[in-house]
2 protein chains.
Amino acid sequence: MEPQWDDLRTVLALVRGKTLAAAAEALGVNYTTVARRVSRLETALGLTLFERLADGYQPTEAGLRVAERAAAMAAETDSLLRQLAGADARLSGPLTITAPQLLIAHVLAPSLKRFRETYPDVSLQVRATNDLLDLTRREADVAIRVSRAPGDTLKGLRLTEQHTASFATKDWADRIRDDPKGPHDWILFADHSDLPKSVQSAYPGARVRYRFDDMIAMAGAAQAGLGIVRMPMFLGRALPGLVQVPCLPPQSYADIWIVAHPDVWTGARVKAFRDILVPDMKTARPLFVA
Amino acid sequence: MEPQWDDLRTVLALVRGKTLAAAAEALGVNYTTVARRVSRLETALGLTLFERLADGYQPTEAGLRVAERAAAMAAETDSLLRQLAGADARLSGPLTITAPQLLIAHVLAPSLKRFRETYPDVSLQVRATNDLLDLTRREADVAIRVSRAPGDTLKGLRLTEQHTASFATKDWADRIRDDPKGPHDWILFADHSDLPKSVQSAYPGARVRYRFDDMIAMAGAAQAGLGIVRMPMFLGRALPGLVQVPCLPPQSYADIWIVAHPDVWTGARVKAFRDILVPDMKTARPLFVA
DNA sequence: CGCAGAGCATGCGAAAACGCATGCCATGGA
DNA sequence: TCCATGGCATGCGTTTTCGCATGCTCTGCG
């Protein structure tokens, strides 16, 4: 008679995922379980929540209502988990951080090591991705982000500003020095616009040879001598085999922030992590600017 | 790792009920199940939610936070169930109503019968109690209530006003008529004040002989000839063996309302019930007034 | 001091929920 | 037309969850 709360949650997952398989994946159960829970809830409510069509489960009006309320409940659990994390005074247990892969690989790693040594009981989980994980849903406790602002609902500190510049192998650097008007190749980001006009006029030999959609691949391509890449200062300086080339003068780029949900910001482990990272990044500032 | 929603609900029940047994009772499960679910959630969260003391489970700070959020989730499910009931257009299925026992026994019963005959597919559950059931939590869909106003969050229609008067057996009525100054006995409601001064002066023989805390018992006592009872007009008129006595002139009393939560008010079965009851009570109005 | 009752922990067998394998059906491309 | 794919239903064996019975501890009372 009374609905089970986890069944409501299952309906939400099914409405969002459209198919039993997707909902099951999201919930971490077998898809038959999703089907059974939905049936059970329908029996309990005496209502049809989904039409079983050939191409999946289509929610009825009532099914949508259930999902709507379940979404509100999910927001409550998110809020709860954040609050518990924010009130947790222990310097032991899990802490999940996320940051762009390249930032971790070339800048943050030493800080992570220092954190680990300072707080050996904290088990640090690192999610290295360019995707913006949802800190509201606690996909991570803390994020290091490259952006203009920390985001509307998040709390943050600016760790440093940063510049970009053009980098290439020493080969290319020599060639450009010797013959600035001569031909040289650029590797551009896929969704970027063309080369700036200033480059075109100062270096008429500049040609866009490649377009990549991933900065790691671009960096590797630059190291392999495929051409010139505009990249963050810290990255060009950190990658062996690359030197700065004058084609594109340094220009300021999005700042680097440490952000967290306000609820979580106050958590002991989060605070400890900040206390390690903020001074480290202050020290590392020269790496980021021209 | 991820908490199960029904475990959150269990924590709420335990915080509210103080003991495993009380929580289990509220949830309709065995108390060992409550203990297990709480343990499981504590493991999942890595937190202690309750201190196991000799006299029961004492919630920790974290336990209270969980309960707080779970309460918000419970409010969501209540809201959902109300919405579903309010959107239900079917004239079949369950409908729960509540009303004071005496009102049902002596006034509403014929309307219930008529409703049952008009809508044979609706299974009517009647909760006859003087307790004010929580319509927000859907302890009933509709309530017939004796009160000055329908309540702040509820929607209602006034079915009729009503009067009270004094009733007793014909014996007493004769005696009072023959000797108004002579002794006669009153049965008062326990928490009521004393007899009005007007009665004292007009009938100096009036004495308070009994105090009851239940109107059904008082009515029976009056029928058994124990004395005079002030009661609603409809009740005195309906009870065999009782006649109105002039000791206490008719005075107006709280009105009779039909009320429901606004979400539920629009439901087909609720509307059908209103459509039966409102005209019936309009017809029955003479029973209630002097 | 002994006893009764309330409240909880634990162990065991029963019941429910679950995952997996299989089969059906519709769609879409070769 | 045939086949591959995606999506769902169903049956079966396993795992998990649950309820019940038993025993422990603490409190209050005569």
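When the C1' atom of C/dC8 is taken as reference, atom NZ of B/K18 falls 18 Å away, rounded to whole Å. Following rounding to the nearest Å, B/F50 (CZ) and C/dA9 (P) show an atom-to-atom distance of 12 Å. Atoms CG (B/D55) and C1' (C/dA6) sit 10 Å apart, rounded to a whole Å. Rounded to an integer number of Å, the gap from A/E51 CD to D/dG7 P is 19 Å. Atom pair B/D7:CG and D/dC18:C1' shows a separation of 13 Å (rounding to whole Å applied). Taking atom CG of B/D6 as the reference point, atom C1' of C/dA16 lies 14 Å away to the nearest angstrom. Distance A/E25 CD to C/dG19 C1': 15 Å, rounded to the nearest Å.
Aromatic rings from B/F189 and B/F212 are positioned such that their centres are separated by 6.0 Å or more.
When each of C/dG7, C/dC18, D/dG19 is scored by its nearest atom to the side-chain atoms of B/V29, the top-ranked nucleotide is D/dG19. Comparing atom distances between the A/L20 side chain and each of D/dA9, C/dC8, D/dG19 picks out D/dA9 as nearest. The B/N30 side chain lies nearest to D/dC20 when the options are D/dA9, D/dC20, C/dA9. Here the nucleotide nearest the side chain of A/T32, chosen from C/dA9, C/dC20, D/dC8, is C/dC20.
Both B/R40 and A/A35 lie close to DNA chain D; mapped to their nearest nucleotides by heavy-atom distance, the more 5′-ward contact belongs to A/A35. Nearest-nucleotide assignment on DNA chain C puts the 5′-proximal partner with B/Y31, out of A/Q4 and B/Y31.
Heavy atoms of A/R36 sit under 4.0 angstrom from at least one base atom. Among the protein residues, B/Y57 comes within range of the sugar-phosphate backbone only, with heavy atoms under 4.0 Å from sugar or phosphate atoms but none that close to a base.
Put simply, the side chain of A/L112 reaches to within 4.5 Å of the side chain of A/F273, judged on heavy atoms.
Distances shorter than 4.0 Å separate some side-chain N or O of A/R37 from OP1 or OP2 on C/dC18. Residue A/T33 has a polar side-chain atom (N or O) positioned under 4.0 Å from OP1 or OP2 of C/dG19.
In this model, no donor atom of one side chain and acceptor atom of the other lie less than 3.5 Å apart for A/T77 and B/R69.
We find the CG-CG distance between B/L133 and B/D141 to be 11.0 Å, quoted to the nearest 0.5 Å.
Between B/R36 and B/E42, none of the side-chain N atoms (NZ, or NE/NH1/NH2) sits under 4.0 Å from a carboxylate O, so this pair counts as no salt bridge.
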